[in-house]
Engineer: 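Below is a structure I'd like to ask you about.
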Amino acid sequence: GLRRAGLDPAAATPIVGTSAGAIAGAMIATGRDLAEVAELPPRGRERPPSDASVMVRAFELTADPDLDPDEVRRRIGRLALEADTPPEERHLAGMRYLVGTDAWPGRREGRPRLLVTAVDVASGRPVVWDGSDDGVPLTAAVAASSAAPGFAEPVTIGGRRYMDGAFGGGSNAHLAAGAGAVVLVEPLPQMSDGSGADVRIVPDEGAREAFGDDVGDMARWTPAYREGLRQAPAAAALIGSAIRGPAG
């Protein structure tokens with residue numbers, strides 16, 4: 001939708017992808033035609049087993065002021081490992097279909113074009129991959145970043161297990177600091193205050209209605225896609241103003 005409005009998101013450097021943003025960011029940065037996945041194949045629309053109560057307990061832990069952040073993440077990591085979810089290979093297969101490549105996008109002016117965040121479940125430490133010589137395939141990094149506790153099993157990379165990057169720093173907008181105007185696109189704005197952004201794009205009422213109350217409902221994939229197309233021109237205008245600055 002942004003491209004149709006004359007604004008190519010792939011021109012942004014860096015693109016910071018966290019959780020669902022890792023999926024979208026990787027597809028955009030590598031030049032994937034998003035229209036190709038506007039509709040999922042019939043098998044992709046099947047709802048995998050999940051346990052939403054795990055996320056409820058995870059957010060309760062993040063709200064505990066007496067716990068060290070790393071300890072919070074370690075406890076959430078244990079919840080993720082113990083949850084009854086499909087094997088990680090199923091989640092990896094889904095990311096291979098969506099992203100379409102294991103090759104990271106090339107660097108631009110010596111800087112990485114894409115950063116993907118995750119959390120080490122054992123140490124509780126946030127990690128950031130950028131396609132440097134670390135041997136991490138792009139789809140594995142994206143799968144780890146989007147492995148939400150209770151919905152996807154933590155992903156194994158280099159003998160360690162990783163889960164959803166949102167627990168390491170929300171949207172992680174701070175990773176783009178100093179790179180120019182920071183545009184933050186958040187599908188679940190109620191989980192963030194939007195800090196660190198010059199422009200914040202969130203779903204409007206129509207988009208939220210398309211999402212529904214269950215973000216794991218794959219039947220809503222295509223309606224949500226269409227709402228993004230509808231909302232894109234207004235978003236492009238906001239982003240364009242931020243890029244041009246006060247002087248126009």
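Please read all numbers here as calculations on a predicted model, not as lab measurements.
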Engineer: Can you list the residues that meet the side-chain hydrogen bond (donor to acceptor under 3.5 Å, both in side chains) rule with S192, with sequence neighbours excluded?
Structural biologist: E186
Engineer: May I ask you to decide if S19's main-chain N or O and S145's side chain share a donor-acceptor pair within less than 3.5 Å?
Structural biologist: yes
Engineer: For residues L92 and V155, determine if any side-chain heavy atom of one lies less than 4.5 Å from a side-chain heavy atom of the other.
Structural biologist: yes
Engineer: Side chains of R113 and P14, heavy atoms from C-beta outward: is any pair under 4.5 Å?
Structural biologist: no
Engineer: Determine yes or no for a side-chain-to-main-chain donor-acceptor pair under 3.5 angstrom, with N172 supplying the side chain and G170 the backbone.
Structural biologist: yes
Engineer: For a quick test of your reading: what N or O donor-acceptor pairs under 3.5 Å do the side chains of residues 52-60 make, sequence neighbours left out?
Structural biologist:
{"unit_1": "S53", "atom_1": "OG", "unit_2": "D51", "atom_2": "OD1", "d": "2.5"}
{"unit_1": "S53", "atom_1": "OG", "unit_2": "D51", "atom_2": "OD2", "d": "3.3"}

Engineer: Do the non-hydrogen side-chain atoms of V37 and M27 ever get within less than 4.5 Å of each other?
Structural biologist: yes
Engineer: Would you confirm whether R200, through its side chain, and P189, through its main-chain N or O, come within 3.5 Å as a donor-acceptor pair?
Structural biologist: yes
Engineer: Is there side-chain contact between D70 and S123, with heavy atoms separated by less than 4.5 Å?
Structural biologist: no
Engineer: Will you find, in the side chains of R111 and T13, an N or O donor that is under 3.5 Å from an N or O acceptor?
Structural biologist: no
Engineer: Do E209 and P203 have side chains that approach each other closer than 4.5 Å (heavy atoms only, starting at C-beta)?
Structural biologist: no
Engineer: Going by heavy atoms in the side chains, are I28 and R3 under 4.5 Å from each other?
Structural biologist: yes
Engineer: Can you list every pair that meets salt bridge (Lys or Arg N to Asp or Glu O under 4.0 Å) and has a residue in residues 15-34, with sequence neighbours left out?
Structural biologist: R32-E36
Engineer: Got T18 and S171 here, is their nearest side-chain heavy-atom distance under 4.5 Å?
Structural biologist: no
Engineer: Between the side chains of E205 and R208, is the shortest nitrogen-to-carboxylate-oxygen separation below 4.0 Å, so that they form an ion pair?
Structural biologist: no
Engineer: Going by the side-chain hydrogen bond (donor to acceptor under 3.5 Å, both in side chains) test, name the single residue among R161, R160, R125 that passes it with D120.
Structural biologist: R160
Engineer: Using atom types as modelled and distance alone, determine if a side-chain donor or acceptor of E88 lies under 3.5 Å from a backbone N or O of A144.
Structural biologist: no
Engineer: Is any NZ, NE, NH1 or NH2 atom of the basic residue among R220 and D214 found under 4.0 Å from an Asp or Glu carboxylate oxygen of the other?
Structural biologist: no
Engineer: For the residue pair E153 and P86, establish whether any side-chain heavy-atom pair is separated by less than 4.5 Å.
Structural biologist: no
Engineer: Backbone N or O of A118 within a donor-acceptor pair of the W129 side chain at under 3.5 Å?
Structural biologist: no
Engineer: Side chain of R108, backbone of A11: donor and acceptor closer than 3.5 Å?
Structural biologist: yes
